[in-house]
Amino acid sequence: MPYFAGRWDSGRSTDTFDVIDPVTERRLVTLTEAGPAEVDAAVSFARSALDDGEWGRTDGAARGRMLNRLADLIEEATELFATLESLDIGKPGFEPRAIDLPQVIQTFRYFAGWADKVEGRSIPTPSYMGRPTHSYTVREPVGVVAAITPWNSPTMIGAWKIAPALAVGCAVILKPPEDAPLTSLLLASLVEEAGFPAGAFSVLPGRGRGTGQALIDHPGVDKISFTGSPETGYKVAVAAAKGFRRTTLELGGKSPQIVYADADLEQAAQGVGIGIFANQGEVCAAGSRILVARPVYEEFVERLVGHALNVKLGDPFDEGTTMGALINEGQVTRVSRYIDLGLKEGASLLVGGRRPEGKGYFVEPTLFGDASNSMTIARQEIFGPVGTIIPFDSEQQAVAIANDSDYALAATLWTSDVNRAHGVARQVKAGAVAINGWAPLNPRLPWGGFKLSGLGRELGWSGIEANTEEKTVTAVLSYPLPE
Ligand code: NDP
């Protein structure tokens, strides 16, 4: 059921949708979808909470306390969040406990710290008609923010959008993914307890083409913060163009992991394996193009295949499971189609490639070797546990292959040469480069990409900038200038 105006309300909507367990393929729950009337009511209420309500009058110190309280409540409910995340998405139980939830809690705490520190600048300006001037800037909340999240890590990606927006005093309306909405609803149940007044935060469950489209089309929304596919990102950009509303678009990638001959090959194989198989490969920053220096190609590939063979595919709630199910049947079909394409285009299937018999949306961890960067499996985002290994002959060739992509989100370098590491980091086109470790996420670091990977940055100070408008104030003073 939708949560807005400080209460749970199905409004006039009679439409429902089912949430399916990707492991058993059974229905977990049926939810009421927020229709256009509920979207309109949520936006209007959020607007008045900002313009005339308690939320608009809440100062930074109070917002910081609420965000810290919310982080505490999430921490207390970690087990419930983690269980729902595994149920909803099919990811193995240790992942939400080790990655998603700690990230969520850190993100709320980090932005709680910013809430009363969003300062302006004082800028020296020349005199105006012989009178001195005093100029300064202030940062004001951008307004009503629509946050639209994908199904792969909805709690963590939701926190990246919600925490900075609430810290600066925006009102947030979250549209969670239809396949994995449960933790977003749990979050809504904690927001009031954390002290946020009605209208500061709303959750509108529903389908993208219904609830999502109504939200991005609503003229009362000042900013859309979106994570998902480039196709939907384009629709968001088009909708936002009406009124030139703000957007942050995080649209996935085809990220290279470059393994140089001087790398610690065991450490690299483990890290590269995590980079492609974590969260079943359903990660925007998945290191899905694995570029390996030819002199160590055979040895590295053997180690990486060993890592893939050690992956334990299974029920997320079984002890020892290290990879769970994909999100839905459509995603299995999509990933299987890419595996067929890899075979057809001549890459060598080194391991995996099949859907195990029985219930559940499982696909084996899969690696293709001796691939080229022109193959479809090296160019398109698969969003599944499929790595494409490409040999290279020189440092510059590795950089050229890495940059020959429609995407530019992340890159990982594996080398023991510090000069090479920083030199290549400068040349690689990506929003984030990691050296000797895959995707070391941190709310202090800006996150986002360019080209098909999107527009703008979330997190860090960039997350504050992305949710504020900078205003300049210039006073012309009636104070005589010294002769
Ligand atoms: P989408 O882009 O379709 O979905 C992302 C979010 O946008 C969901 O909440 C979705 O709702 C919503 N949405 C869909 N259509 C609209 C619309 N017209 N207006 C407003 N909101 C809309 O991604 P998918 O979930 O379908 O995944 C498809 C592919 O996208 C993946 O295979 C992957 O390549 C990429 N992807 C990238 C992610 C990343 O982290 N960068 C994350 C997820 C996907 P609903 O869930 O109801 O469809």
Side-chain angles (χ1 to χ4, degrees), residues 15-20 22 31 33-34 36 39 88-89 91 100 146-158 160-161 173-184 203-218 221 224-240 247-255 278-286 288 326-338 361 363 377 379-386 406-410 431-432 439 441 447-456 458:
D15 288 338
T16 58
F17 64 100
D18 291 338
V19 182
I20 306 296
L31 296 177
E33 177 167 56
V39 169
D88 238 2
I89 297 152
K91 62 172 84 183
D100 301 70
I148 301 183
T149 46
W151 43 257
N152 59 332
S153 288
T155 323
M156 183 173 76
I157 295 173
W160 293 354
K161 299 179 185 311
I173 302 177
L174 174 67
K175 203 300 276 175
E178 69 183 90
D179 284 305
L182 300 183
T183 56
S184 302
V203 179
L204 301 179
R207 283 164 277 227
R209 61 181 179 278
T211 314
Q213 190 70 45
L215 190 57
I216 64 177
D217 282 338
H218 200 294
V221 168
I224 306 161
S225 178
F226 171 81
T227 299
S229 62
E231 294 74 22
T232 311
Y234 178 77
K235 289 182 194 165
V236 169
V238 168
T247 53
T248 308
L249 304 174
E250 208 271 80
L251 310 177
K254 193 72 198 173
S255 300
N279 206 33
Q280 301 76 241
E282 296 169 320
V283 179
C284 50
S288 52
L326 302 190
I327 189 73
N328 56 32
E329 186 66 44
Q331 198 63 11
V332 175
T333 307
R334 175 192 167 103
V335 172
S336 306
R337 188 169 55 80
Y338 279 110
Y361 308 128
V363 171
I377 53 168
R379 304 215 67 84
Q380 296 183 8
E381 185 178 43
I382 298 175
F383 224 65
V386 182
D406 294 334
Y407 292 93
L409 182 62
L441 291 173
W447 178 249
F450 48 102
K451 299 206 255 179
L452 274 193
S453 294
L455 198 68
E458 302 185 292

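Predicted model only: the values in this text are computed from it and were never measured. Indexing begins at 1, ligand by ligand and atom by atom, following the structure's order.
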Can you tell which of [options] gets a heavy atom nearest to [atom]?
| atom | options | result |
| --- | --- | --- |
| atom 37 (C) of ligand 1 | Ser453, Pro177, Gly228 | Gly228 |
| atom 17 (C) of ligand 1 | Gly212, Gly253, Gly208 | Gly208 |
| atom 28 (C) of ligand 1 | Ser229, Ala285, Pro176 | Ser229 |

- prompt: Below 4.0 Å from any atom of ligand 1, is there a heavy atom belonging to Gly206?
  reply: yes
Residue-ligand contact Glu282/ligand 1, heavy atom below 4.0 Å: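 It does not, in that no heavy atom of Glu282 comes within the 4.0 Å cut-off of ligand 1.
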[X] contact mode with ligand 1 (heavy-atom cut-off under 4.0 Å):
| X | value |
| --- | --- |
| Ile216 | side chain |
| Leu251 | backbone |
| Thr149 | backbone |
| Gln331 | side chain |
| Glu178 | both |

message: One thing to verify: whether Arg207 and Asp15 come together as a salt bridge, which I'm taking to mean a side-chain N less than 4.0 angstrom from a carboxylate O.
response: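 A salt bridge is absent here (no side-chain N lies under 4.0 Å from a carboxylate O).
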query: For Tyr361 and Gln331, does a side-chain donor sit closer than 3.5 Å to a side-chain acceptor?
result: no
Considering both backbone and side-chain atoms of [X], is one of its nitrogen or oxygen atoms within less than 3.5 Å of a nitrogen or oxygen in ligand 1?
| X | value |
| --- | --- |
| Gly252 | yes |
| Ile382 | no |
| Lys175 | yes |
| Arg207 | no |

- request: May I ask you to list the atoms of ligand 1 that are less than 4.0 angstrom from any heavy atom of Arg334?
  value: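 Here the atoms of ligand 1 in question are 32 (O), 34 (O).
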task: Look at atom CZ of Arg337 and say whether more than 12 heavy atoms of other residues, nucleotides or ligands are closer to it than 6.0 Å.
output: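 Above 12, so yes.
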task: Note the single closest protein heavy atom to atom 34 (O) of ligand 1, along with its residue, its atom name and the distance in Å.
output: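 Nearest neighbour among protein heavy atoms for atom 34 (O) of ligand 1, to 0.1 Å: Glu381 OE1, 2.8 Å.
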